[in-house]
Protein chains: 2
Amino acid sequence: MVGTEGTQGARHRAAPVHARLADVTVQEALAALADPVRMRLVRELASSPEWTRACGSFDVPVGKAALSHHFAALRAAGVVEQRDEGARRVNRLRRAEFDARFPGLLELVLRGD
Amino acid sequence: MVGTEGTQGARHRAAPVHARLADVTVQEALAALADPVRMRLVRELASSPEWTRACGSFDVPVGKAALSHHFAALRAAGVVEQRDEGARRVNRLRRAEFDARFPGLLELVLRGD
DNA sequence: CTGGGTGTTCAACGAGGATCGAACACCCGG
DNA sequence: CCGGGTGTTCGATCCTCGTTGAACACCCAG
């Protein structure tokens, strides 16, 4: 566990709460991914190393507020994991876990078309 | 091609138009399936032999009008195929074709949870 | 401590879509 | 020809959800 800690030692902010994959239904998963903005987020996130992309660093045509909502949705569906790193909140795709729960779904989304 | 024709020789009704699977996007597919009613339709349909279930024969808590809309949505997404058989419109799941286009997705929905 | 950057929350708005009832079209059995 | 059964379409309603702007909270660099 040495080397990846960085700046996240003490967290005084509201810690993001994540979903237990087992509690996520297929419907919720599909509904979460069946949105153009969220799909772009997922794809863009997949093409970057983990924990490198802050929420605001995505190329989507919506304001901060909407963006926050979308990330909350993805979090609730168990698609992404978030961690506070200083002032910004960085993301990672829960690839393995999500794929174990919904085999092929993420791959399907990432394949694009 | 002999033996499965049945009653559908001449069709004077409005023939149901089906989607070309290649033109269906992942988003449309997910959006079509991310609905409780439509999901029940698909599951129930999967547990019956092809061409045996008419639209009205499904156990869903909506009226005829809504039902018609839902079937149109599933049709547009390439999930189901419909054929007029006398007065009623019977359905079949496009399992192989849909699975070829979106591998694992249908299986995921049918698995339930 | 102050200021800029980042994200969340809130209230409000608007668009999309799910739903219903009713009207219509069609097919079949009397 | 008529009537019941089956589906589609239309108009209207309702509600969910995506979106915004503003206010707030937090962190870091000066």
Side-chain angles (χ1 to χ4, degrees), chain A residues 5-18 27-42 45 51-77 80-92, chain B residues 6-18 27-28 30-42 45 51-77 80-92:
Chain A
E5 249 81 50
T7 330
Q8 122 276 161
R11 213 196 281 38
H12 300 114
R13 255 180 115 179
V17 54
H18 295 95
Q27 281 214 21
E28 292 167 330
L30 294 185
L33 294 173
D35 176 280
V37 175
R38 288 195 284 268
M39 208 169 255
R40 284 187 65 169
L41 293 178
V42 170
L45 188 55
W51 304 123
T52 61
R53 305 295 305 269
C55 293
S57 75
F58 290 81
D59 182 24
V60 285
V62 295
K64 309 187 299 178
L67 198 52
S68 189
H69 266 299
H70 285 302
F71 270 110
L74 290 177
R75 220 175 25 191
V80 305
E81 185 180 353
Q82 305 190 299
R83 174 203 296 172
D84 284 341
E85 197 162 284
R88 53 175 137 291
R89 181 163 286 193
V90 290
N91 305 274
R92 103 176 170 88
Chain B
T7 330
Q8 121 277 161
R11 213 196 279 41
H12 300 114
R13 255 182 116 175
V17 54
H18 295 95
Q27 281 213 25
E28 293 167 330
L30 294 186
L33 294 173
D35 176 279
V37 174
R38 288 195 283 268
M39 207 170 254
R40 284 186 65 170
L41 292 178
V42 170
L45 188 55
W51 304 122
T52 61
R53 304 294 305 267
C55 293
S57 75
F58 289 82
D59 183 24
V60 284
V62 296
K64 309 187 298 178
L67 198 52
S68 189
H69 266 299
H70 285 301
F71 270 108
L74 290 177
R75 219 175 22 187
V80 304
E81 185 181 353
Q82 306 190 297
R83 173 203 296 173
D84 283 342
E85 196 162 284
R88 52 171 138 294
R89 181 162 286 193
V90 290
N91 306 273
R92 103 177 169 89

Output the rounded distance in Å from [atom1] ([X]) to [atom2] ([N]).
{"X": "B/Arg83", "N": "D/dT6", "atom1": "CZ", "atom2": "C1'", "value": "17 Å"}
{"X": "B/Arg75", "N": "D/dG7", "atom1": "CZ", "atom2": "C1'", "value": "10 Å"}
{"X": "B/Asp84", "N": "C/dA25", "atom1": "CG", "atom2": "P", "value": "17 Å"}
{"X": "B/Leu41", "N": "C/dA18", "atom1": "CG", "atom2": "C1'", "value": "13 Å"}
{"X": "A/His69", "N": "D/dT20", "atom1": "NE2", "atom2": "P", "value": "11 Å"}
{"X": "B/Glu28", "N": "C/dG16", "atom1": "CD", "atom2": "P", "value": "15 Å"}
{"X": "B/Phe58", "N": "D/dT6", "atom1": "CZ", "atom2": "P", "value": "14 Å"}
{"X": "B/Gln27", "N": "C/dG16", "atom1": "CD", "atom2": "P", "value": "15 Å"}

Using the side-chain heavy atoms of [X], tell me which of these nucleotides is nearest: [options].
{"X": "B/Gln82", "options": "D/dG7, D/dT8, C/dG7", "result": "D/dT8"}
{"X": "A/Ala65", "options": "D/dG21, C/dG5, C/dC27", "result": "D/dG21"}
{"X": "A/Asp35", "options": "D/dG18, C/dT19, D/dT8", "result": "D/dG18"}
{"X": "A/His70", "options": "D/dG18, D/dT9, C/dT8", "result": "D/dG18"}
{"X": "A/Arg38", "options": "C/dA18, D/dG18, D/dT8", "result": "D/dG18"}
{"X": "A/Lys64", "options": "C/dT8, C/dT19, D/dT8", "result": "C/dT8"}

Nearest atoms (heavy-atom pairs only) where [X] meets [Y]:
{"X": "A/Arg88", "Y": "A/Ala54", "value": "CD-CB, 3.5 Å"}
{"X": "B/Phe58", "Y": "B/Asn91", "value": "CE1-ND2, 4.2 Å"}
{"X": "A/His18", "Y": "A/Gln82", "value": "NE2-N, 2.8 Å"}
{"X": "A/Ala34", "Y": "B/Ala31", "value": "CB-N, 3.6 Å"}

Please confirm whether the shortest side-chain N or O distance from A/Arg88 to OP1 or OP2 of C/dG5 is below 4.0 Å.
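No, no such contact exists.
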If the cut-off is 4.0 Å, is A/Arg89 near the phosphate of C/dT8, judged by side-chain N/O to OP1 or OP2?
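So the side-chain polar atoms of A/Arg89 do come within 4.0 Å of the phosphate oxygens OP1 or OP2 of C/dT8, strictly under.
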Find which nucleotide of DNA chain C each of A/Leu67 and A/Ala87 is nearest to by heavy atoms, and output the residue with the more 5' nucleotide.
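With A/Leu67 and A/Ala87 compared, the 5'-side residue is A/Ala87.
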Toward the 5' end of DNA chain D, by each residue's nearest nucleotide, A/Val62 or B/Ala66
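Upstream on the strand: B/Ala66.
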Considering every strand and a 4.0 Å limit on heavy-atom distances, what is the contact class for A/Ala54: base, sugar-phosphate, or nothing?
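Sugar-phosphate, no base atom in range.
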Is a donor on one side and an acceptor on the other found under 3.5 Å between the side chain of A/Arg53 and the backbone of A/Leu45?
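Such a contact is absent between A/Arg53 side chain and A/Leu45 backbone.
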